[in-house]
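What follows is a short report on a single structure.
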Amino acid sequence: MEFEISSYKKEDSWEAEIIIGKKDKYKEFGFKCENEETLLLLERKKFIIAIDKLDEENIKIASAKIAKTLKEKTECFKIRAPKTRNIDILENFIEGFILGDYEFDKYKSKKAKHLKKVIISGNEELLQTAIRVATIRAKAINFTRDIVNSMPDEIYPVVMADIAKKVAKENGYECNIYDEKYLKKEGYGAFYAVAKASTHTPRLIHLAYKPKKAKKRVVLVGKGLTYDSGGLSLKPADFMVTMKSDKSGASAVLGIMKAVKELGLDVEVHGIIGATENMIGGNAYKPDDVLTAKNGKTIEVRNTDAEGRLVLADCLCYAQEHIKDFDYIFDFATLTGACVVALGEYTSGVMGYNDKTKNLVVEMGKKVAELYAPLPFNRYLPKLLKSNVADICNIASSRYGGAITAGLFLSEFIEEDNKDKWTHIDIAGPAFVEKDWGYNPHGATGAGVDMMLRLLYEIQK
């Protein structure tokens, strides 16, 4: 999609309009100007959408709905940009068009229609900046969506490693990839156990962007279960559908890494991915197994469907062993259904020991119209992970507070000196939803990418 900045001219082309606040405009058509209300005037070649106030979320949803509607009718339309100098609003305005134009049609014989050009009138200097940043971020989100949406027989650990190699080559990043022999030899027993039953061998992936004179060093860790059957604790059939989405955390890390250099961020960023499948077979790991993670802690397996935390545990150990003096470490994972129960489908859970960082995640999420909410640790829940035969269980003894106990499990693999640097983000709700919502399509959303890119920009100031 191309954006053109131009003065507003009356011409015979499709036009879109965003009405802000309650107004009487178009009342002759019964238009009430209610939030997200739309009006299509075919004879005038015009599409109107109302929002109740100008903010990041409203404007992003509005422009996405414009794109979704008009791409079926034209390849080009014109619109006035909102009158504001708030760059976050303008970036969301531009992003919405690109994200709304997205449609995953890889496996369809009839391909989707797409917009080719949006002509925008407004402050040229601000719009040029917004278009550059928003285009990079939106393309990274759509890149992430494509990976998550692709079927598990197409995207498996070796392929995920190939995608990482391509991102590294295009951007001049360092790239190290390790296989199952490395995991076994070096003592990553939790990760290795999860991978054993799959015909697709696992990959531990490490990408590194190292700009000169970086102001911060950040580590991103992503759960990359390219398919999760539940292992021997087999999922019911209905719960297996959409499990291609269990690689959403790893895909988000790849999307973020794709964009950081293009944005010219003065932050050193390491992307670490644990890519594997959780399958069944004669050599699958079992309930009652005791695994030894890289940091030496032993884990009693009581449910093989709590596998993501085992992979992440070893990836977090790898990160702390190989990357020193980092300022932040974030992990992204579709970790628990309990997080969806707690917060709903549209909100990611944020956990950790540093309130300032958790609040930063929530704040940066608002700036890009992503929803995040903190889930609090407490002194009582860690006791639920107690094991009588090992250092810790991989699931809690209670059915309640599952998202938090999963976060607390991961905290056992964070060194004491790094506790305040670590933040866990459970994206199980918004990463993949089987219906359109807001500016998101059916399927993968790219949850986490936009927020983290905005956060990286903020901390370099």
Side-chain angles (χ1 to χ4, degrees), residues 1-8 15-23 25 33-38 47-70 77-102 115 118-142 259 263 265 346 359-372 430 437-440 445-461:
M1 184 189 297
E2 177 188 348
F3 292 94
E4 179 183 316
I5 304 170
S6 175
S7 57
Y8 205 81
E15 178 184 0
E17 182 180 358
I18 299 172
I19 298 176
I20 304 165
K22 189 80 174 178
K23 295 182 180 178
K25 203 171 185 182
C33 279
E34 294 176 349
N35 197 40
E36 295 185 41
E37 184 183 3
T38 61
F47 179 71
I48 300 104
I49 184 167
I51 57 177
D52 56 4
K53 62 179 179 179
L54 182 60
D55 62 19
E56 291 86 351
E57 186 173 29
N58 277 341
I59 199 68
K60 199 170 187 177
I61 291 171
S63 53
K65 287 195 173 184
I66 290 168
K68 286 178 185 179
T69 302
L70 292 187
F77 69 90
K78 59 185 179 180
I79 188 169
R80 287 187 174 93
K83 293 180 180 179
T84 179
R85 298 191 66 84
N86 184 324
I87 196 67
D88 287 314
I89 287 176
L90 291 174
E91 286 170 1
N92 280 283
F93 170 67
I94 301 297
E95 267 193 73
F97 294 125
I98 304 171
L99 299 180
D101 186 61
Y102 177 88
L115 294 165
V118 179
I119 302 169
I120 306 172
S121 64
N123 185 301
E124 185 171 354
E125 183 181 355
L126 288 174
L127 283 172
Q128 282 179 343
T129 300
I131 288 168
R132 185 189 75 82
V133 173
T135 300
I136 293 169
R137 293 194 333 211
K139 284 183 176 180
I141 293 166
N142 286 343
L263 289 170
L265 299 174
Y346 312 118
N359 291 336
L360 181 64
V361 169
V362 174
E363 181 186 347
M364 293 302 106
K366 287 179 181 178
K367 288 185 179 294
V368 296
E370 287 189 354
L371 302 174
Y372 295 84
W437 59 284
Y439 52 85
N440 294 293
T445 64
V449 175
D450 224 359
M451 178 279 294
M452 185 50 58
L453 290 173
R454 185 64 179 80
L455 187 150
L456 292 171
Y457 172 78
E458 190 73 17
I459 66 173
Q460 73 175 353
K461 290 180 181 178

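Note that this is a predicted model, so its numbers are computed, not measured.
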So, taking the atom named [atom1] in [X] and the one named [atom2] in [Y], what distance separates them when rounded to the nearest 0.5 Å?
{"X": "M1", "Y": "T135", "atom1": "CE", "atom2": "OG1", "answer": "9.0 Å"}
{"X": "M451", "Y": "R137", "atom1": "CE", "atom2": "CZ", "answer": "12.0 Å"}
{"X": "L90", "Y": "E56", "atom1": "CG", "atom2": "CD", "answer": "10.5 Å"}
{"X": "I51", "Y": "E34", "atom1": "CD1", "atom2": "CD", "answer": "14.5 Å"}
{"X": "I48", "Y": "I19", "atom1": "CD1", "atom2": "CD1", "answer": "6.5 Å"}
{"X": "I89", "Y": "L54", "atom1": "CD1", "atom2": "CG", "answer": "4.0 Å"}

Would you confirm whether [X], through its side chain, and [Y], through its main-chain N or O, come within 3.5 Å as a donor-acceptor pair?
{"X": "Y439", "Y": "N92", "value": "no"}
{"X": "S63", "Y": "F93", "value": "yes"}
{"X": "T69", "Y": "I66", "value": "no"}
{"X": "T445", "Y": "P430", "value": "yes"}
{"X": "D52", "Y": "N35", "value": "no"}
{"X": "K60", "Y": "V368", "value": "yes"}

Side chain to side chain, I59 and T84, heavy atoms closer than 4.5 Å: no
Side chain to side chain, I141 and E95, heavy atoms closer than 4.5 Å: yes
If you take all heavy atoms of [X] and [Y], which pair is closest and at what distance?
{"X": "A67", "Y": "D101", "result": "CB-N, 3.9 Å"}
{"X": "C33", "Y": "K22", "result": "O-CD, 4.3 Å"}
{"X": "L70", "Y": "A16", "result": "CD1-CB, 4.1 Å"}
{"X": "V449", "Y": "A140", "result": "CG1-CB, 4.1 Å"}
{"X": "L453", "Y": "L263", "result": "CD2-CD1, 4.0 Å"}
{"X": "N440", "Y": "K68", "result": "O-NZ, 3.4 Å"}

Trace of the side-chain contact (heavy atoms from CB on, under 4.5 Å) decision for I20 with K83: CA-CA 10 Å; I20 304 165; K83 293 180 180 179; over 6 Å; no
L115 and F97: CA distance, side-chain angles, deciding distance, side-chain contact (heavy atoms from CB on, under 4.5 Å) verdict: CA-CA 9 Å; L115 294 165; F97 294 125; 5.6 Å; no
Listed pairs under 3.5 Å, donor-acceptor, residues 454-461 side chains, sequence neighbours left out:
from	atom 1	to	atom 2	distance (Å)
R454	NE	D88	OD1	2.9
R454	NH1	E458	OE1	2.8
R454	NH2	D88	OD1	3.3
R454	NH2	D88	OD2	3.2
E458	OE1	K461	NZ	3.3
Q460	OE1	D266	N	2.7

side-chain contact (heavy atoms from CB on, under 4.5 Å) between I119 and F77, intermediate numbers included: CA-CA 6 Å; I119 302 169; F77 69 90; over 6 Å; no
